There are 2 protein chains.
Amino acid sequence: MLTKQELEEFWAGAGKMYLNHISIDCVVFGFHEGQMKVLMLKSNNEEAWYLPGGFVQKQEPIENAADRILKERTGIDEIFLQQFHVFGDPDRSKVHNEMYKDMLPAEKNFFAQRFISIGYYALVDFFNVIPTPDDFSEVCTWRDLNDLPKFQLDHELIFKTALDTLRLQLNYQPIGYNLMPKEFTMPELQKLYETILDKKLDRRNFQRRMLGFGILNKLEATRKGGAHKAPYLYSFDLDNYQAALKEGLKSGW
Amino acid sequence: MLTKQELEEFWAGAGKMYLNHISIDCVVFGFHEGQMKVLMLKSNNEEAWYLPGGFVQKQEPIENAADRILKERTGIDEIFLQQFHVFGDPDRSKVHNEMYKDMLPAEKNFFAQRFISIGYYALVDFFNVIPTPDDFSEVCTWRDLNDLPKFQLDHELIFKTALDTLRLQLNYQPIGYNLMPKEFTMPELQKLYETILDKKLDRRNFQRRMLGFGILNKLEATRKGGAHKAPYLYSFDLDNYQAALKEGLKSGW
DNA sequence: TACAATTGTGTACCAATTACACCATGTGTT
DNA sequence: AACACATGGTGTAATTGGTACACAATTGTA
């Protein structure tokens, strides 16, 4: 162990040695009636697109930072937000570093610094969102999952990891409270799952399994208007939903 | 979007505004013959114990930082290491801040800064480890899971989150390659699972399920020496093991 | 040689998942 | 009004997976 004198010196030096930039990158998945999109931004100066993100302020819990950043990009609060991975390769910002190297003196080149990025993903109904560009972009818009642009930095890795994580978590977590209207039909909920997983599910088995989780209330009313038999309406049982979020939907060993 | 002038000013300011300290805290679970322990450290000046940890250097990938820190504390490389959560509450270091407040001038009080900590957990055979104190501790030793000391800061939360995550991941990930000898018997492997989960498993069902994963090779030889029927020896099929690590052991929807 | 402890293997049972059949309901066509 | 058609609601058989337990085999020891 160090002496008190050495300790003080260590702390004084460490204050500079170990400082890093911490950013949040957020994969915002938008859903509406069987469509699934990602929110992306782009500057006119560059070809590549990037994910909504920002920096964590010194006295700010990271959850708050993620909420704040998302509110700025989408206009909405209380989004379903899930932290999923930290991306910390020092080469992450190499591209930017190269780009600004000639424009800016070294001590002002922010991207010569090291970045660590905390990855979050968010689920929203994209009809509730007003995409708003940030200080480094002119364009902020929804991109279809089947028509993705070129990504900046390691944002493609972040996006793919988010999608994989989301699909995995579908097995253990309830989903949809922020994505469905207050009252919805079973086929509508099934469509959400099919969209995320990108595959067809059997409607009868889906229904039974979903009801088995005990997070839905069956309502009296039915959804009229379609050219077919009117399906029953459901709403989420919020208590059970919250409980399932915490404890998961399946047990293990 | 900002003008070039504004951008330069932003970067110059941001360089100071958003710098944070990033540390790694690592829950090292040690196993041997049915025992499970955690590696912990303690300074003579304080009562509370803390987890192995350290700071991420500017030009260092975080995975490397975790490896480096663990090598310093345990003497071993190539440990099974899993990132599981980021702890970023600004109040995390409050206790230390209070403690050093009177000892150190504010600008030298490292703990007045914000800390963000990336949580990892590691699995090792504790007979392979030489616990080595760091610069802030005199004691570095294994603590039994049933006899845990008082924790510093939010290290109890980190520890509990790690244990929960480990138990959850047992359902989806193979485990044991770094913890078992090259050749081992089924009861020995079962003991590892029982130790982690802290419950008894049925040996016949365990065997069938384990073999079903296809990550084990049954060997000709048996383990002689016990006062009972000699069990068969197994080894891990490394190819299948690695594949299962990536793809998981179960499928979902 | 009998016994205790432990391992190897099989099987009956229950729960969950999958696949599919059949009926009900609302709309448009004739 | 009769009918086809698309879709939703419900039931059920077949399959799979997990749990509980029975019984035979092996090894060292009394």
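All chains are named by letter (A, B, ...) in the order of the sequence lines, taking the proteins before the strands, and each is independently numbered beginning at 1. Small disclaimer: the values here were computed from a predicted structure and weren't measured.
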- Query: Does any pair with a residue in residues 163-191 of chain A pass salt bridge (charged side-chain N to carboxylate O under 4.0 Å, His left out), and if so which ones, sequence neighbours excluded?
  - Reply: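 Counting only pairs at least two positions apart or across chains, the salt bridge (charged side-chain N to carboxylate O under 4.0 Å, His left out) contacts touching residues 163-191 of chain A are A:E188-A:R223.
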[X] has an atom [atom1]; how far is it from atom [atom2] of [N], in whole Å?
X	N	atom1	atom2	value
B:R204	C:dT9	CZ	P	13 Å
A:F184	D:dG8	CZ	C1'	16 Å
B:L249	D:dG17	CG	P	14 Å
B:N205	C:dT11	CG	P	15 Å
A:L189	D:dT7	CG	C1'	17 Å
A:F206	C:dT18	CZ	P	13 Å
B:D202	C:dT7	CG	P	12 Å
B:L201	D:dG18	CG	C1'	13 Å

- With respect to the phosphate group of C:dT7, does any side-chain polar atom (N or O) of B:Q207 fall under 4.0 Å of OP1 or OP2?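 For C:dT7, neither OP1 nor OP2 has a side-chain N or O of B:Q207 closer than 4.0 Å.
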- Would you tell me if any nitrogen or oxygen in the side chain of B:K200 comes within less than 4.0 Å of OP1 or OP2 on D:dT19?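 So the side chain of B:K200 is outside the cut-off, no N or O lying under 4.0 Å from OP1 or OP2 of D:dT19.
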- Item | Inter-residue atom distance A:T195.OG1 - A:E33.CD, 0.5 Å rounding |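 Separation between the atoms: 10.5 Å.
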- Note on the structure: Under a 4.0 Å heavy-atom criterion, the protein footprint on nucleotides 25-30 of chain D, written with B, S and -, is BBBS--
- Message: Looking at A:Y232, I'd like to know if the NZ or CZ of A:K218 sits under 6.0 Å from its six-membered ring centre while staying within 45 degrees of the ring's axis.
- Response: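 Here A:K218 passes the 6.0 Å and 45° test against A:Y232.
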Is a donor on one side and an acceptor on the other found under 3.5 Å between the side chain of [X] and the backbone of [Y]?
X	Y	value
A:Q207	A:M186	no
A:S137	A:P133	no
B:H32	B:F126	no

- Does B:R208 get its side chain close enough to the base of C:dG10, under 3.5 Å, for a donor-acceptor pair?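 Flag unset: no donor-acceptor pair detected.
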- Query: Side chain of A:R203, base of D:dG9: donor and acceptor closer than 3.5 Å?
  - Reply: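 Side chain to base: pair found, below 3.5 Å.
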- Item | Side chains of B:S235 and B:L216 in contact at under 4.5 Å (non-hydrogen atoms) |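 Side chain of B:S235 against side chain of B:L216, heavy atoms only: no contact under 4.5 Å found.
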